[in-house]
Amino acid sequence: MKNDEVMNIAKKRGFLWSSFEIYSGSAGFFDYGPLGAILKNKIMNKWRDYYVVREGFYEIESPTIMPEEALKASGHVDHFTDPMTECKDCLEVFRADHVIKEAAGEEVEGLENEELTDILKDQQICCPRCGGGLSKVWSYNLMFQTVIGAKGKKTGYMRPETAQGIFIPFKRLLRFFRGKLPFGVVQMGKAYRNEISPRQGVIRLREFTQAEAEIFVDPRDKTHPRFAEVADDTLTLYSREKQVEEEGPVKLFAQQAVSEGMISSEILTYQLCLAKRFLDDLGIPDEVIRFRQHLPSEMAHYAIDCWDVEVETDRYGWIEIIGIADRTDFDLKSHSEHSKEDLRVFIEYDEPKTVRKLAVKPDMKKFGPIFKGDSPKIIKALEDVEASHVEKAFADEGSFKIEVEGKDYELSPDLINFEEKEEITRGEKIFPHVIEPSYGIDRIIYSVLLHTYTQEGERTYFKLPADIAPLEVSVFPLVNKESLAKNALHIKDCLRKEGIISEYDSSGTIGRRYARSDEIGVPFAVTVDHDTLNDDTVTIRNRDDSKQVRVPLSDVYSVLGDLVSCKTSFRDVEAEYKKVNS
RNA sequence: GCGGCUGUAGUCUAGUCUGGUUAGGACUUGGGCCUUCCAAGCCUACGACCCGGGUUCAAAUCCCGGCAGCCGCACCA
C-alpha cells in the first residue's frame, strides 16, 4: 500500500515518526523529523504567502491555553462533549443520547446529563449489547483540561481550534483595520483535542497544527472584488444534492457554481478556488481533490454553508484536509453576550437616511407636579415606546397606561404633545459574518507526501515542487577522489552561503547517491567530475527525469537559486545550457 | 473504551509450538578498497528479543499485567 511505503520512508529518512517511541509511544502524537520540520515550515510559509502577502490578511498569535470563560462563550465547554454511559456488566461504553434514541426513539440532543440519567433510569433502558444496567451519564469533553496559576483555582483548556484566538480580540483587530469591513486575520498554530481513540496516524492527532483565516464581511455583501481572477477556475464539487442522490461530484467553473447557487456566495467560492490553487502549488494533483458540501445534519447549527476539501488516499479513503465555512455571526454574537462587550461594526450608509418620525414630548409643566419624583422614570420609559402607540391609545381609550417598575401610571392626552422629528441615520451597527477557511497542516503534509510519491521501477522519489522540498540541492563527487571531493564540498558550502539548503554525499557509488537523494525528493543534484577540474563546469541533474545540463561554476549559484525558488523551470535551463548525454 | 490478532537491529525475517552454546541471515547505514554518471562488487564495523512481574537451575521461548500496532465495533462538536 502506498500509505505504508510513504510512511516507512518518512520514518526512515526523517520526515515523520510517532512521538515518545522509546517509551513505547502514545497514540495521537507525531514528531516532525529534520526533513519534516523544514517541509512543514516551507508549506506554512507558502500559506503565508497566499493569505498574508497576496490576500492582505494579517497574522496574529494567541495563547494555546485559554481560560474557561472564553471557551464557555464559544460553546466548547458545554458542547464539545459527548454524553457517555457505561454498562456496569460488560463495561462497554456508549453515547447516552444514542442509546436512548435507539431504545425509546426520543430525540434527546442537548439535554443535561442528569436528565439523560433520569431517562435511562425511568425507562429502564439497558445495555444494548448485554442487557446490563447502565451507569449515570457523564460528559466526555474532547478538550485537554489544565489549571492556571499556582493555587489551581482557575480552569483552563488547551485550545481546540485557533479561530477563537481571533474572535476574542476582535475589538482591537477592528480598530487596527480602522473599523472597515471586510478584513481578514489569520493564525497558524497548534490545537488540541483529546480524541477517544486516534488510530489513523497523522490523520487524527491529539495535538495538531491548524492554519485558519477568519474573514469578516458585511453580511449583506458576500461578493468578492477579485472574483474575476478565479471565475474560470474549475472545481470538483460534490454537492449536498449529489450526495443524497448518491451520484458523483460534478466539475464546474467557479462562475457557474455561483450562478447556479450551488455554493452560497461569491466570497466562499473565491476561498474554494484559493484552496485549490494552494494544493495545486504543493503538487497535489487535481484528480485526488474534491470539494464536499456538508449535509445539513453534519453542519454546525450556526453555519450557512460549509465545504470540506477532501483528498483521496488509499489507506483512509477521502479525508478532509481543509474546511471552508460561512460561520455567520455566531462567534462574535456569542462572545458579545458573554463578555458584555459590543463586538459589532458600524457600517455607514452610502447616503444618510432621513426618517420622519413622530416623537412623544411630555409637557413638563403639567407632568412634574402630577408625578413628582417618579417623572424621570416615566419619561425614560416613554422613550422606548412608539409614539404611534401612544397616539392610538389616546384615540381609542382616551388615555395611555404605562407600567414602570411594577407601578401603573395613566397618562392623559393633555400631558403629552407630539412632534414630527427628522432623524438622520448615517449607518447601523451589525455583527459581521465570518468566512473561515481552516487548514489541517498535518493532513496536508501527509497528502503532499502521499501524492508526490512516485515509483519508477526500483527508483522512488517525492515529486515535491522545488520550492517546498526540504533539501534543495545535493552535491556529489562523481567518484570519491580527493580532488573531486574537495571541489564538491566547497560548492556545497557556497550554496549554503547563497541560502540554498544543500548536502554533500560521497558514500557508495554515484548511482546510489542519486537514489538516496531522489528518495527524499531533492529536486536537483550537482555533480563534480573530471571536467570540472579542467573547465570549471559542473552538471545539474533534474530529479524528475534524471536529465543533466552542464553549467559553468560562475552561473551555477544563480541558476540553482532560480530553480529552487521556481523562478525558472529545468526546461528553461536545458534550453540555455549544454545537455549531457549519459 | 470493548473484542480478536501481533510485537526479534533502521527494514524484512529465522528461532518461540518442544525453555538450554556467543539470538542467525538479507537489505540498509558508517568506514575502507574499487569505480569517469544512475541502488554493481570486495573488506570491515555498528545495530535487536516492546516494558514490568511471575514460574524455573535456566525465559526471546511458558504464565500474568501493562504499552504499542493491526483488524472489527463504538466514537469523531
Side-chain angles (χ1 to χ4, degrees), chain A residues 1 4-5 7-14 17-29 71 74-87 89-99 102 109-110 127-130 139-143 160-161 193-201 203-206 297-303 315 319-320 323 456-461 474 476-481 484 505-519 525-533 538-543 545-548 550 580-582:
Chain A
M1 199 182 253
D4 303 351
E5 289 167 41
M7 288 313 285
N8 259 335
I9 294 170
K11 206 186 286 186
K12 183 171 75 172
R13 301 301 306 274
W17 54 69
S18 52
S19 305
F20 317 117
E21 274 180 327
I22 64 166
Y23 298 109
S24 68
S26 179
F29 297 98
L71 290 161
S74 68
H76 285 91
V77 170
D78 296 322
H79 303 301
F80 198 55
T81 73
D82 296 324
M84 308 294 277
T85 181
E86 185 185 40
C87 171
D89 294 339
C90 69
L91 299 178
E92 180 83 65
V93 174
F94 304 95
R95 269 190 62 166
D97 51 344
H98 287 189
V99 172
E102 199 64 19
E109 214 184 290
C127 171
R129 177 154 298 188
C130 75
S139 285
Y140 180 77
N141 191 297
L142 262 60
M143 291 193 291
E161 59 175 13
R193 298 180 186 183
N194 199 1
E195 301 288 352
I196 296 172
S197 176
R199 274 195 303 191
Q200 297 166 70
I203 298 307
R204 196 164 188 76
L205 293 172
R206 289 190 163 120
S297 59
E298 64 185 315
M299 198 157 61
H301 62 280
Y302 49 80
R315 178 79 169 70
I319 57 163
E320 176 200 348
E456 284 167 10
E458 282 281 278
R459 188 168 93 103
T460 72
Y461 59 101
S474 297
F476 307 129
L478 182 60
V479 291
N480 208 0
K481 286 260 158 51
L484 299 186
D505 185 3
S506 66
S507 172
T509 61
I510 187 68
R512 179 169 287 275
R513 300 198 278 258
Y514 286 143
R516 265 197 294 258
S517 171
D518 287 343
E519 190 180 45
V526 167
T527 308
V528 174
D529 56 22
H530 290 83
D531 292 344
T532 309
L533 304 179
V538 292
T539 63
I540 298 177
R541 170 185 177 274
N542 188 36
R543 173 199 64 204
D545 55 13
S546 309
K547 290 203 171 128
Q548 285 177 294
R550 184 162 285 278
V580 177
N581 301 314
S582 55

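In the text below, chain A, chain B and the rest are named by the order of the sequence lines, each starting its count at 1.
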Distance between [atom1] atoms of [N] and [M] (Å, rounded):
N	M	atom1	answer
B:U16	B:U8	P	16 Å
B:A48	B:U61	C1'	16 Å
B:A58	B:C2	P	35 Å
B:C50	B:A9	P	7 Å
B:C5	B:C43	P	45 Å
B:C63	B:A59	C1'	11 Å
B:G19	B:A74	P	43 Å
B:G4	B:G66	P	12 Å

### Message
Taking the nucleotide of RNA chain B with the nearest heavy atom to each, does A:G28 or A:R204 sit closer to the 5' end?
### Response
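Its nearest nucleotide being more 5', the pick is A:G28.
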Tell me which nucleotide among [options] gets nearest to the side chain of [X].
X	options	answer
A:R315	B:G31, B:C37, B:C70	B:C70
A:N480	B:C37, B:U35, B:A39	B:U35
A:K12	B:A40, B:G10, B:G30	B:G10
A:H76	B:C38, B:A77, B:G10	B:A77
A:T509	B:U35, B:U36, B:G69	B:U35

Short question: side chain of [X], backbone of [Y] - any donor-acceptor pair under 3.5 Å?
X	Y	result
A:R513	A:L478	yes
A:N141	A:V77	yes
A:D529	A:T532	yes
A:R516	A:S507	yes
A:R206	A:E195	yes

### Task
Could you grab the distance from atom CZ of A:R13 to atom CG of A:N8, nearest 0.5 Å is fine?
13.0 Å
Nucleotide [N], atom [atom2] - distance to [atom1] of [X] in whole Å:
X	N	atom1	atom2	result
A:R206	B:A68	CZ	C1'	13 Å
A:H530	B:U35	NE2	C1'	10 Å
A:L533	B:U36	CG	C1'	11 Å
A:I510	B:G41	CD1	P	17 Å
A:E21	B:G69	CD	P	10 Å
A:L142	B:C75	CG	C1'	9 Å
A:R13	B:U28	CZ	P	13 Å
A:R516	B:A40	CZ	P	9 Å

Reckon [X] touches a base, only the sugar-phosphate, or nothing at all at heavy-atom distances under 4.0 Å?
X	answer
A:E195	nothing
A:L478	base
A:R513	nothing
A:T539	base
A:R543	nothing
A:H79	sugar-phosphate

### Message
Would you say that A:F80 contacts A:R193 through its side chain, given a criterion of any heavy-atom pair below 4.5 Å between the two side chains?
### Response
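Of all side-chain heavy-atom pairs linking A:R193 with A:F80, at least one is under 4.5 Å.
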[N] - base-pair partner by Watson-Crick or wobble geometry, distances under 3.5 Å:
N	answer
B:A60	none
B:G30	B:U44
B:G69	B:C5

### Phosphate-side-chain proximity, A:R512 and B:U28, N/O vs OP1/OP2 below 4.0 Å
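A:R512 to B:U28 OP1/OP2: side-chain N or O found under 4.0 Å.
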### Query
Does A:Q548 make a side-chain donor-acceptor contact with the base of B:C37, cut-off 3.5 Å?
yes
### Query
Going by modelled atom types, is there a donor-acceptor pair between the base of B:C38 and the side chain of A:R541 at under 3.5 Å?
yes
### Task
Establish, for the pair A:R541 and A:Y514, whether the NZ or CZ atom is under 6.0 angstrom from the six-membered ring centre and no further than 45 degrees off its axis.
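Relative to the ring axis of A:Y514, which defines the angle, A:R541 lies inside both limits.
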